[in-house]
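Read the structure below first, then the notes.
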Amino acid sequence: MPELPEVETTARGIIPVVRNQIVEAVTIRQHRLRWDVPSSLKSLIQNRQVFEVARRAKYLLLIFEHGALLIHLGMSGRLKILDCGVKPERHDHVDLVFSSGKMLRFNDPRRFGSIRWLDGNPLDSAELSHLGPEPFDEKFTGKMLFEVSRGRSITIKSFIMDGRVVAGIGNIYANEALFRSGIFPGRQAGRIALRRYRLLVPNIQAVLTEAIEAGGTTLRDYMAATGQPGYFEQSLQVYNREGQSCIRCDGIIRKQIISQRATYYCGDCQRY
DNA sequence: CTTTACGCCTGACGGC
DNA sequence: TGCCGTCAGGCGTAAA
């Protein structure tokens, strides 16, 4: 499900309910997520205060004084804000109940998501320290992408979806940013010129910003923690538009599998 | 080192 | 109506 804009929307949605709140209770109905939910979770966070909510790549962080809860939504995960006492539904795996009477509930049908505990400063953890810059970080520039890509034969689409290069770009927004930049997704990253990377970076930032402002993209089951769907689907220019006409030229949107992932592009304005 | 293929899971959908 | 194959927004790991 969620890429950076959806995780960011979720983070913003839970801040009013979670920040500065004390964890009163923890319920784990299903331990088996992508990684096992630690059985020590309750003793780690009960009666402790969340003092900040953050996002890094597609991870959500509930930051405590002594460590952080690292939440990943995988493909189908979501968080729900509810009043405590609401009966659980199918795939409601973990509840965090706060002393305010509100509850954060993790639901994930496919269980590709995860909830892990990180001791100490989360940014120093093995889980996060290998990540590249955030797309809005000043270190993320066309020049940087150009330099890091020299000698790489990987496709440009896989390259920008690699979290070690830049954090948080998933399949939908990789497709959209490459379309906006007129770059063929299957082109080798090492064979793209500096001026084209200088075009790509602001286009990545623009599509992510617009998607965040629209509350994300709801294709199947994505919902913000507040229960609101995202409205960016209607702004998608290539994703899921196979066979339809290009919004910019007379071309037709094609679909091709690149690096095992559905890839959409205009056959006319993304030639190389 | 880089690149690719493959699971981990459930549910929705289309074809027969 | 039901069965079966395919596909889905992520990502770590193993293998090449």
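This one's a predicted model, so the numbers in the text were calculated from it and none came from an experiment.
K80(A) and E89(A) are joined by a salt bridge, as a carboxylate oxygen and a charged side-chain nitrogen come within less than 4.0 angstrom of each other. No salt bridge links E65(A) with R48(A); every basic N to acidic carboxylate O contact stays at or beyond 4.0 Å. A salt bridge links R19(A) with E52(A): the distance from a Lys NZ or Arg NE/NH1/NH2 to an Asp or Glu carboxylate oxygen falls below 4.0 Å.
Contact annotation for Y59(A): backbone-only contact, meaning every heavy-atom pair under 4.0 Å involves sugar-phosphate atoms and none involves a base. The residue I154(A) sits close only to the backbone: its heavy atoms come under 4.0 Å of sugar-phosphate atoms, none of a base. S158(A) comes within contact range of no nucleotide atom at all, as no heavy-atom separation falls under 4.0 Å.
Taking the 5.5 Å centre cut-off and the 30° plane limit, the aromatic side chain of Y222(A) is not classed as stacked on dG9(C). For dC8(B), the base is stacked against the aromatic ring of F112(A), per a cut-off of 5.5 Å between centres and 30° between planes.
Taking only side-chain nitrogens and oxygens, H72(A) never comes nearer than 4.0 Å to OP1 or OP2 of dG12(C). At the phosphate of dG9(C), OP1 or OP2 sits under 4.0 Å from a side-chain N or O atom of R261(A). For the pair Y173(A) and dG9(C), the criterion of a side-chain N or O lying under 4.0 Å from OP1 or OP2 is not met. OP1 or OP2 of dC9(B) lies within a sub-4.0 Å distance of a side-chain N or O belonging to R32(A). Distances shown here put every side-chain N or O of K255(A) at or beyond 4.0 Å from the OP1 or OP2 atom of dC7(C). Not one side-chain nitrogen or oxygen of S76(A) sits closer than 4.0 Å to the OP1 or OP2 atom of dT10(B). One finds a side-chain N or O of R111(A) lying less than 4.0 angstrom from the OP1 or OP2 phosphate oxygen of dT10(B). Contact between the side-chain N/O atoms of R90(A) and the OP1/OP2 oxygens of dG11(B) is found at a separation under 4.0 Å. For dC11(C), one of the phosphate oxygens OP1 or OP2 lies less than 4.0 angstrom from a side-chain nitrogen or oxygen of K58(A).
Rounded to an integer number of Å, the gap from D36(A) CG to dC9(B) C1' is 14 Å. The distance from atom CD1 of I160(A) to atom P of dG10(C) is 12 Å, rounded to the nearest whole Å. Rounded to an integer number of Å, the gap from D162(A) CG to dC11(C) C1' is 11 Å. Between L73(A) atom CG and dC11(C) atom P the separation is 10 Å, expressed in whole Å. If you measure from atom CZ of R34(A) to atom C1' of dC11(C), you get 5 Å, rounded to the nearest angstrom. H130(A) places its NE2 atom 9 Å from the P atom of dT13(C), with the value rounded to the nearest Å. Taking atom CG on L219(A) and atom C1' on dC13(B), their separation rounds to 15 Å, with Å as the unit. When rounded to the nearest whole Å, the span between NZ of K157(A) and P of dG9(C) equals 8 Å.
Both tests pass for R248(A) against the ring of F179(A): distance under 6.0 Å to the centre and angle within 45° of the axis. A cation-pi arrangement, defined by a distance under 6.0 Å to the six-membered ring centre and an angle within 45 degrees of its axis, is absent between R29(A) and F106(A). A cation-pi contact links R150(A) to F146(A), judged by a cut-off of 6.0 Å to the six-membered ring centre and 45° from its axis.
Nearest-nucleotide assignment on DNA chain B puts the 5′-proximal partner with G151(A), out of L33(A) and G151(A).
In this structure dC9(B) sits in no base pair that meets the Watson-Crick or G-U test at under 3.5 Å.
Of the candidate nucleotides dG9(C), dT10(B), dT2(B), dT2(B) has the atom nearest to the side chain of R152(A).
Spacing between dG9(C) and dT3(B) at atom C1', rounded to whole Å, works out to 23 Å.
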